[in-house]
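Contents: one structure, followed by commentary.
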Amino acid sequence: MANPYRSSDGLSARQGSNSDEIQLRIDPVHGDLDEEISGLHSQVRRLKSVAQEIEAETRIQNDILSDLQLAMSQAGAGVRNGMRRLNRTITQQRSNHILQVIIFGLVCFSVVYFWSKLVRR
C-alpha cells in the first residue's frame with residue numbers, strides 16, 4: 001500500500017510537525033466537493049440551531065430550578081417557624097398541665113382533710 005492514510009472518499013491524512021494538528025488533503029478526483037461542502041454547511045447550521053435550542057432550554061430549566069430553590073427555602077423557613085411555635089405551645093401546655101395537676105392535688109387533699117374533720121365530729 002503506497003499511502004496507509006488514504007481513505008475511500010478521497011481524503012488522506014498527513015503527519016504534521018505538531019502532534020495536536022491533523023492535516024487533510026482533499027483529492028478533487030473523487031466526487032463533487034461543492035455538494036459535500038454545502039451538505040456539511042447545512043448540517044453545521046442545523047447543529048448550531050440545536051445548540052441554541054439546548055441553550056435556551058437550559059436557561060429555562062435553570063430559572064425553574066432557581067424558583068424551586070427559593071420556594072423550598074421559604075417553605076423551610078415556614079416549617080422552622082411552625083416548629084418554634086409548636087414547641088412554645090407544648091412548653092406552655094406542659095407548664096399549665098403541671099400547674100393543673102398541683103391544683104387538683106391540693107383540692108383533693110383539702111376535700112379529704114375537711115371530710116375527715118367532719119366525719120370525726
Side-chain angles (χ1 to χ4, degrees):
M1 217 181 212
N3 189 355
Y5 300 108
R6 182 95 174 155
S7 68
S8 63
D9 293 332
L11 299 176
S12 62
R14 291 185 283 167
Q15 292 181 352
S17 61
N18 189 355
S19 63
D20 292 340
E21 295 179 3
I22 296 175
Q23 295 179 356
L24 294 176
R25 185 176 53 122
I26 300 174
D27 190 0
V29 175
H30 299 300
D32 188 17
L33 294 179
D34 290 335
E35 288 179 22
E36 292 292 325
I37 290 172
S38 64
L40 288 174
H41 186 37
S42 66
Q43 287 179 354
V44 167
R45 266 189 272 133
R46 278 188 276 166
L47 284 174
K48 182 179 178 183
S49 68
V50 168
Q52 289 171 343
E53 289 178 22
I54 289 172
E55 181 182 8
E57 183 65 25
T58 302
R59 285 187 189 140
I60 292 169
Q61 294 294 328
N62 284 338
D63 291 343
I64 290 171
L65 282 175
S66 296
D67 293 344
L68 183 60
Q69 286 176 338
L70 179 63
M72 291 299 289
S73 65
Q74 289 173 346
V79 168
R80 281 190 296 276
N81 288 337
M83 289 301 293
R84 275 190 229 123
R85 288 180 187 163
L86 183 63
N87 286 335
R88 202 174 319 131
T89 303
I90 289 172
T91 304
Q92 289 173 354
Q93 290 296 328
R94 283 184 184 168
S95 64
N96 289 341
H97 180 67
I98 291 172
L99 183 63
Q100 290 171 356
V101 169
I102 291 172
I103 291 173
F104 178 74
L106 287 174
V107 168
C108 287
F109 179 75
S110 299
V111 167
V112 170
Y113 176 75
F114 288 122
W115 185 61
S116 67
K117 288 280 188 184
L118 289 175
V119 171
R120 286 189 181 183
R121 285 187 175 182

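Fair warning: this is a prediction, and the values are worked out from it, not measured in the lab.
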Those residues at least two apart in sequence (or on a different chain) that pass side-chain contact (heavy atoms from CB on, under 4.5 Å) with S73 are L70

Quick one about N87 and R84 (side-chain donor to acceptor, distance below 3.5 Å, no hydrogens or angles considered), yes or no?
no

Would you mind writing out the side-chain donor-acceptor pairs for residues 44-51 within the sub-3.5 Å range, not counting sequence neighbours?
{"residue": "S49", "atom": "OG", "partner": "R46", "partner atom": "O", "Å": "2.8"}

Can you tell me which residue pairs pass the side-chain hydrogen bond (donor to acceptor under 3.5 Å, both in side chains) test with a partner in residues 50-67, sequence neighbours excluded?
E55-R59, E57-Q61

How is the hydrophobic cluster of I60 composed, in terms of its other members, when Ile, Leu, Val, Met, Phe, Trp and Tyr link through side-chain heavy atoms under 4.5 Å apart, directly or indirectly?
I64

With clusters built from Ile, Leu, Val, Met, Phe, Trp and Tyr whose side-chain heavy atoms come within less than 4.5 Å, directly or transitively, what are the remaining members of the cluster of Y113, listed by chain and number?
F114

Run the side chain to side chain donor-acceptor pair (under 3.5 Å) test against R80 and tell me which residues pass, sequence neighbours left out.
none

When Ile, Leu, Val, Met, Phe, Trp and Tyr are grouped by side-chain heavy atoms lying under 4.5 Å apart, directly or through other members, which residues fall in the same group as L68?
M72

Once side-chain contact (heavy atoms from CB on, under 4.5 Å) is applied, do any residues pair with L106, and if so which ones, sequence neighbours excluded?
I102

Can you see which heavy atom on S42 is nearest to which on G39, and at what distance?
OG-O, 2.8 Å

